[in-house]
Amino acid sequence: MIAVCVRKDRITVSGHAGYAEAGKDIVCAGVTALIQTLIKSIGDLTEDKIEYEISPGRADIHYRDLSEAGKLLIDSFFIGVCAIADEFPDHIRIE
């Protein structure tokens with residue numbers, strides 16, 4: 001199961017969905033795409049500074065003092081990941 005923890009100063013995503021075999025797991029692919037898009041969007045569309053680490057089965061993003069645009073991007077990530085969690089509740093948990 002993927003666990004997603006969104007806090008005021010960080011996002012942590014850990015685990016594997018277990019929906020399908022590696023390379024064919026649409027739940028993992030969806031969450032990975034959202035995380036990678038969030039990181040790239042904050043870097044390209046804002047002046048905000050974030051720190052992040054991504055490794056297989058884990059992503060950690062730390063931030064503080066986000067601009068309104070940065071906050072909007074975090075909210076957009078949260079909407080997307082909640083939509084995936086609603087569709088696949090046995091494979092992703094929002095904490």
Side-chain angles (χ1 to χ4, degrees):
M1 177 169 291
I2 295 174
V4 179
C5 178
V6 178
R7 298 291 183 255
K8 74 174 191 162
D9 62 346
R10 76 181 188 281
I11 295 171
T12 303
V13 179
S14 61
H16 295 282
Y19 179 77
E21 64 185 81
K24 295 182 180 183
D25 193 319
I26 61 171
V27 178
C28 280
V31 173
T32 298
L34 288 173
I35 282 288
Q36 290 176 342
T37 300
L38 174 62
I39 291 168
K40 183 87 170 116
S41 295
I42 289 175
D44 290 356
L45 301 174
T46 75
E47 299 295 320
D48 297 338
K49 302 298 179 210
I50 63 171
E51 295 177 12
Y52 63 91
E53 247 182 82
I54 297 179
S55 59
R58 187 162 185 91
D60 294 295
I61 304 172
H62 297 269
Y63 47 84
R64 76 177 71 137
D65 301 322
L66 291 176
S67 63
E68 288 303 311
K71 291 174 187 174
L72 186 62
L73 291 168
I74 297 289
D75 289 346
S76 179
F77 164 80
F78 189 67
I79 289 168
V81 82
C82 284
I84 294 172
D86 287 346
E87 186 73 21
F88 301 95
D90 294 336
H91 302 281
I92 183 168
R93 179 180 72 244
I94 309 295
E95 300 175 342

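Hydrogens, waters and symmetry mates play no part in the numbers below; they use all other heavy atoms, side chains included. Nothing fancy with the numbering, it's 1 onward along the sequence.
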Which heavy atom of [X] sits nearest a heavy atom of [Y], and at what distance?
{"X": "Ala17", "Y": "Cys28", "value": "N-SG, 3.3 Å"}
{"X": "Ile35", "Y": "Ala59", "value": "CG2-CB, 3.9 Å"}
{"X": "Ala33", "Y": "Thr37", "value": "O-OG1, 2.7 Å"}
{"X": "His91", "Y": "Val27", "value": "CB-CG1, 4.3 Å"}
{"X": "Ile94", "Y": "Cys82", "value": "CG1-SG, 4.4 Å"}

Q) Atom OG1 of Thr32 and atom CG of Asp25: how far apart are they, to the nearest 0.5 Å? A) 9.0 Å
Q: Output the distance between atom CG (Asp60) and atom OG (Ser14), rounded to the nearest 0.5 Å.
A: 8.0 Å
Q | Intermediate values then yes/no, side chain to side chain contact (heavy atoms under 4.5 Å, CB included), Arg58 and Thr12 | A | CA-CA 7 Å; Arg58 187 162 185 91; Thr12 303; 3.4 Å; yes
Would you check if [X] and [Y] make a side-chain contact, meaning some heavy-atom pair closer than 4.5 Å?
{"X": "Arg7", "Y": "Cys5", "value": "yes"}
{"X": "Ile26", "Y": "Phe88", "value": "yes"}
{"X": "Phe78", "Y": "Val4", "value": "no"}
{"X": "Leu38", "Y": "Ile11", "value": "yes"}
{"X": "Ile42", "Y": "Tyr63", "value": "no"}

Should we count [atom1] of [X] as having more than 12 external heavy atoms under 6.0 Å?
{"X": "Glu95", "atom1": "CD", "value": "yes"}
{"X": "Arg64", "atom1": "CZ", "value": "no"}
{"X": "Tyr19", "atom1": "OH", "value": "no"}
{"X": "Asp9", "atom1": "CG", "value": "yes"}
{"X": "Tyr52", "atom1": "OH", "value": "no"}

Applying the 4.5 Å side-chain criterion to the ILVMFWY set and letting contacts propagate, would [X] and [Y] be lumped into a single cluster?
{"X": "Val6", "Y": "Met1", "value": "no"}
{"X": "Ile39", "Y": "Leu66", "value": "yes"}
{"X": "Leu34", "Y": "Ile54", "value": "yes"}

Q | Arg10: partners by side chain to side chain donor-acceptor pair (under 3.5 Å), with sequence neighbours left out | A | none
Q: List for me each residue that meets side-chain contact (heavy atoms from CB on, under 4.5 Å) alongside Ser67, sequence neighbours excluded, and say none if there are none.
A: Thr46, Asp48, Ala69
